[in-house]
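For reference, the structure discussed in these notes is given below.
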There are 2 protein chains.
Amino acid sequence: MKFAMHEFAVTQLMRTLSDPTRRAVFERLSREGELTVGALTEGAGVSQPAVSQHLAALKIAGLVRERREGRRTHYRVEPAGLAPLIDWFAHYSTFWPERFDQLEAVLKDMD
Amino acid sequence: MKFAMHEFAVTQLMRTLSDPTRRAVFERLSREGELTVGALTEGAGVSQPAVSQHLAALKIAGLVRERREGRRTHYRVEPAGLAPLIDWFAHYSTFWPERFDQLEAVLKDMD
DNA sequence: GAATTTCATAAGCCATGACTTATGATTGAG
DNA sequence: CTCAATCATAAGTCATGGCTTATGAAATTC
């Protein structure tokens, strides 16, 4: 079924986003837009290689894209990368509709 | 901020659900309702202690509840356990509204 | 009450992953 | 051309986690 098709993707996304440091990098890219590795390293609490490794993991998971510019590499979020996780949640919404009222309210506020 | 309050919960939930075997147990409880450890062990592909350990992890994460009945333990899903993850996604919906159209459509179909 | 069923916990093994320092490759500056 | 800046990769260390088998605890059966 369609659910099984995304199984590996869901596992990979959950796993990638489960690390707090890596998720913080992802969240910062979400809030601040495109950033260089150096900018991301500041305030990350870990070394530059660690940040590069986290960015590589995020890239493999399809959550970020890179743009080389001279000797700098700019990273930005790839919103479509979250799609399998959204599908996963949507699937559960059919089981427990009441639990999604809150999210539904948020979504409707956007309209 | 409210986001930081749930940070640990999000990490724990992502981590708990990132293991395919454990997530399969959770999904099966979602589909089939309350099940005993023995029933969950069948078809899990791992030993009974492994299943018990996964259930303990799910319980700590707040994703399942147990009900002792004689020598059997029945487990069922705790839907509220997913709330921090839903909040996390709702937060991102403000950044990328277009990516939540699909989920929103699913939710509206329920009405 | 002895044996069996059902589940949880303990102990140990092994793979994975997150971090470090060291180094290389490429680009920009002086 | 030389040096500095920027990032990625390599190698190694250490902790964590998921699995196993072994065992214990509690409840039912005979």
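Just so it is clear, the structure is predicted and the values come from calculations on it, not from any experiment. Lettering follows sequence order; numbering is per chain, from 1. All values below were derived from every heavy atom in this structure, side-chain atoms included, with hydrogens, water molecules and symmetry-related copies excluded.
Between Arg23(B) atom CZ and dG17(D) atom C1' the separation is 16 Å, expressed in whole Å. In this structure, His54(B) atom NE2 and dG18(D) atom C1' are separated by 6 Å, rounded to whole Å. Nucleotide dA8(C) holds its P atom 12 Å from the CG atom of Leu58(B), rounded to whole Å. In this structure, Leu40(A) atom CG and dA8(D) atom P are separated by 10 Å, rounded to whole Å. Taking atom CG on Leu17(A) and atom P on dA18(C), their separation rounds to 12 Å, with Å as the unit. Atom CG in Leu35(B) sits about 15 Å away from atom C1' in dC7(C), given to the nearest Å. Atom-to-atom, CE of Met14(B) to C1' of dG17(D) comes out at 19 Å; the value is rounded to the nearest Å. The nearest whole Å value for the distance from the CD1 atom in Ile60(B) to the P atom in dG17(D) is 11 Å.
Base pairing in DNA chain D gives the following stems of 3 or more Watson-Crick or G-U pairs, range against range and under 3.5 Å: C:1-30 with D:1-30.
With Arg23(B) contributing its side chain and Leu17(B) its backbone, the two residues share a donor-acceptor pair below 3.5 Å.
The base of dT27(C) sits with one of its N or O atoms less than 3.5 Å from a complementary donor or acceptor on the side chain of Arg71(A). Side-chain N/O atoms of Gln48(B) and base N/O atoms of dA8(C) include a donor-acceptor pair closer than 3.5 Å. Taking only distance into account, the side chain of Glu69(B) never meets the base of dT6(C) through a donor-acceptor pair shorter than 3.5 Å.
In the set dC19(C), dG18(D), dT9(D), the nucleotide with an atom closest to the side chain of Ser52(A) is dT9(D). The side chain of Pro49(B) approaches dT21(D) more closely than any other nucleotide in the set dA8(D), dA10(D), dT21(D). The side chain of Asp19(A) approaches dA18(C) more closely than any other nucleotide in the set dT20(C), dA18(C), dA11(C). Each of dT20(C), dC7(C), dC7(D) was ranked by its minimum atom distance to the side chain of Thr73(A); first place goes to dC7(D).
Counting heavy atoms from C-beta outward, Leu35(A) and Arg28(A) have side chains that approach closer than 4.5 Å. Counting heavy atoms from C-beta outward, Leu85(B) and Leu85(A) have side chains that stay 4.5 Å or more apart.
For the residue pair Gln48(A) and Ser52(A), a side-chain donor N or O sits within less than 3.5 Å of a side-chain acceptor on the partner.
In this model, the phosphate group of dC19(C) is approached by a side-chain N or O of Thr21(A) to a distance below 4.0 Å at OP1 or OP2. Of the side-chain N and O atoms in His74(A), none sit less than 4.0 angstrom from OP1 or OP2 of dC7(D). Contact annotation: Arg15(B) side-chain N/O to dG18(D) OP1/OP2 distance is under 4.0 Å. Residue Arg72(A) places no side-chain N or O under 4.0 Å from the OP1 or OP2 atom of dT27(C). Considering only side-chain N and O atoms, Tyr75(B) lies nowhere under 4.0 angstrom from the phosphate OP1 or OP2 of dT6(C).
As judged by a 4.0 angstrom heavy-atom cut-off over every strand, Ser47(A) is placed among the base-contacting residues. At a threshold of 4.0 angstrom between heavy atoms, the contacts of Arg68(A) with the nucleic acid are absent.
Val25(B) pairs in a side chain to side chain contact (heavy atoms under 4.5 Å, CB included) with only one of the listed residues (Leu58(B), Thr41(B), Val64(B)), which is Leu58(B).
Counting heavy-atom neighbours within 6.0 Å of Arg72(B) CZ, excluding the residue itself, gives a total of 12 or less. For CD of Glu32(A), the number of neighbouring non-hydrogen atoms (other residues, nucleotides, ligands) closer than 6.0 Å is greater than 12. Heavy atoms of other residues, nucleotides or ligands lying less than 6.0 angstrom from CZ of Arg67(B) number more than 12.
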